[in-house]
K.L.:
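Following this message is one structure expressed as structure tokens.
Just the heavy atoms: all of them, side chains too, but no hydrogens, waters or symmetry mates, feed the values below. Small disclaimer: the values here were computed from a predicted structure and weren't measured.
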Amino acid sequence: MSSLLRHVTVDCTDPYTLAGFWAQALDGSLADDDNPGDPEALVTAEAASLLFIRVDDRKSVKNRVHLDLQPQDRTRDEEVERLLSLGATLQGDHRRPDGTGWVTLHDPEGNEFCVERSAAEQTNG
């Protein structure tokens, strides 16, 4: 039997705060025993679990791995606006005039992630 991907681990300076952002972004939840100041925090969402671990050094270079999000009940552009309102920042806008493309954002600690078009948008255009 092959291995299972248990969760994706993210190094960060404030696990609880960053996990809170991602819990909102993914409509997930923090573990019941996670509290501010803890050295780690776990987010469980429908499609994945993310584990945030405190490290002393700040992010200084581009991620070698990043998350790609696909909205399920809204458009790409609506999801980008929602994530920006939660504290993400715009890194790069790769949307094309024909509606294709993606948007690259940074989470509150500067980790890159992308927002793709929803399945409905890909089917319809």
Side-chain angles (χ1 to χ4, degrees):
M1 179 175 200
S2 64
S3 296
L4 280 193
L5 179 61
R6 183 166 175 221
H7 50 264
V8 176
T9 301
V10 178
D11 292 347
C12 59
T13 59
D14 185 348
Y16 187 80
T17 299
L18 192 57
F21 167 83
W22 281 103
Q24 289 182 317
L26 299 174
D27 196 23
S29 60
L30 283 161
D32 291 337
D33 60 350
D34 287 332
N35 296 293
D38 285 351
E40 61 184 51
L42 179 67
V43 172
T44 303
E46 183 177 335
S49 292
L50 301 175
L51 179 63
F52 297 88
I53 304 285
R54 182 178 19 249
V55 296
D56 293 331
D57 53 328
R58 291 199 170 273
K59 180 183 174 304
S60 61
V61 297
K62 183 181 183 307
N63 296 6
R64 300 265 323 236
V65 174
H66 69 267
L67 304 177
D68 288 335
L69 305 183
Q70 183 183 53
Q72 300 299 299
D73 60 353
R74 60 183 62 93
T75 67
R76 173 199 55 214
D77 296 348
E78 291 168 337
E79 183 68 348
V80 167
E81 291 306 315
R82 185 181 79 86
L83 294 166
L84 290 171
S85 76
L86 293 176
T89 55
L90 180 66
Q91 189 276 330
D93 192 334
H94 308 282
R95 292 176 277 199
R96 299 182 191 110
D98 67 357
T100 61
W102 67 95
V103 177
T104 304
L105 301 175
H106 284 160
D107 73 14
E109 288 205 14
N111 300 300
E112 296 91 3
F113 66 100
C114 294
V115 182
E116 300 177 348
R117 293 185 305 158
S118 68
E121 289 175 293
Q122 291 181 15
T123 301
N124 296 328

K.L.:
Output all residues satisfying side-chain hydrogen bond (donor to acceptor under 3.5 Å, both in side chains) with R6, sequence neighbours left out; order by chain, then residue number.
P.N.:
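For R6, no residue satisfies side-chain hydrogen bond (donor to acceptor under 3.5 Å, both in side chains) once neighbours in sequence are set aside.
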K.L.:
Which other residues end up in the same hydrophobic cluster as I53, if Ile, Leu, Val, Met, Phe, Trp and Tyr are linked when side-chain heavy atoms come under 4.5 Å apart?
P.N.:
L42, L51
K.L.:
State which residues pass side chain to side chain contact (heavy atoms under 4.5 Å, CB included) with E81; sequence neighbours excluded, sorted by chain then number.
P.N.:
L84
K.L.:
Is there a side-chain contact between V103 and L83 (heavy atoms, below 4.5 Å)?
P.N.:
no
K.L.:
Determine, using the 4.5 Å side-chain heavy-atom cutoff (strictly less than), whether V55 and L18 are members of one ILVMFWY cluster.
P.N.:
no
K.L.:
Name all residues meeting the side-chain hydrogen bond (donor to acceptor under 3.5 Å, both in side chains) criterion together with S49; count only those two or more places apart in sequence or in a different chain, and write none if there are none.
P.N.:
none
K.L.:
Taking all heavy atoms of F21 and all of L86, pick out the closest pair and write down the distance.
P.N.:
CD1-O, 3.6 Å
K.L.:
Which atoms form the tightest heavy-atom contact between P15 and A41, and what is the distance?
P.N.:
O-CB, 3.7 Å
K.L.:
Does E112 have any salt bridge (charged side-chain N to carboxylate O under 4.0 Å, His left out) partners at least two apart in sequence or in another chain, and if so, which?
P.N.:
K59
K.L.:
Could you work out, with salt bridge (charged side-chain N to carboxylate O under 4.0 Å, His left out) as the rule, every residue matching D93, not counting sequence neighbours?
P.N.:
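Salt bridge (charged side-chain N to carboxylate O under 4.0 Å, His left out) check on D93 returns R95.
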K.L.:
Atom OG1 of T123 and atom CZ of R117: how far apart are they, to the nearest 0.5 Å?
P.N.:
9.0 Å
K.L.:
Does any pair with a residue in residues 21-35 pass side-chain hydrogen bond (donor to acceptor under 3.5 Å, both in side chains), and if so which ones, sequence neighbours excluded?
P.N.:
W22-D107
K.L.:
Within the structure provided, determine whether F52 and L50 are in side-chain contact (heavy-atom separation under 4.5 Å).
P.N.:
yes
K.L.:
Quick one: salt bridge (charged side-chain N to carboxylate O under 4.0 Å, His left out) partners of E79, sequence neighbours excluded?
P.N.:
R74, R82
K.L.:
Is it true that T100 and D98 share a donor-acceptor pair across their side chains at a distance under 3.5 Å?
P.N.:
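Their side chains do contain a donor-acceptor pair, which is all the 3.5 Å distance test asks for.
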K.L.:
Quick one: pull up CG in D57 and CG in D11 and give me the separation to the nearest 0.5 Å.
P.N.:
7.5 Å
K.L.:
What's the shortest heavy-atom distance between A19 and L30, and which atoms?
P.N.:
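Looking at all heavy atoms of both residues, the shortest contact is CB-CD2, 3.3 Å.
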K.L.:
Using modelled atom types only, decide if a donor and an acceptor are shared between the side chain of E116 and the backbone of D68 within a distance under 3.5 Å.
P.N.:
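Not at all, since once roles are kept as given, no pair shorter than 3.5 Å links the two residues.
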K.L.:
Which value, rounded to the nearest 0.5 Å, describes the distance between L105 atom CG and C114 atom SG?
P.N.:
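Spacing of CG (L105) from SG (C114) equals 8.0 Å.
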K.L.:
Quick test of your reading: applying ring-ring contact (aromatic ring centres under 6.0 Å, His included), list the pairs with at least one residue in residues 68-104, sequence neighbours left out, ordered by first then second residue.
P.N.:
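Passing the test, one end in residues 68-104: H94-W102.
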K.L.:
Treating R76 as the side-chain partner and G101 as the backbone partner, does any N or O pair qualify as donor plus acceptor under 3.5 Å?
P.N.:
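Answer holds: yes.
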K.L.:
Please name the pair of heavy atoms, one in V43 and one in A23, separated by the smallest distance, quoted to 0.1 Å.
P.N.:
CG1-CA, 3.8 Å
K.L.:
Which atom names give the shortest non-hydrogen contact between P71 and S118, and what distance separates them?
P.N.:
O-CB, 3.3 Å
K.L.:
My understanding is that only residues two or more places apart in sequence, or in another chain, count here; which of them pass side-chain hydrogen bond (donor to acceptor under 3.5 Å, both in side chains) with H7?
P.N.:
none
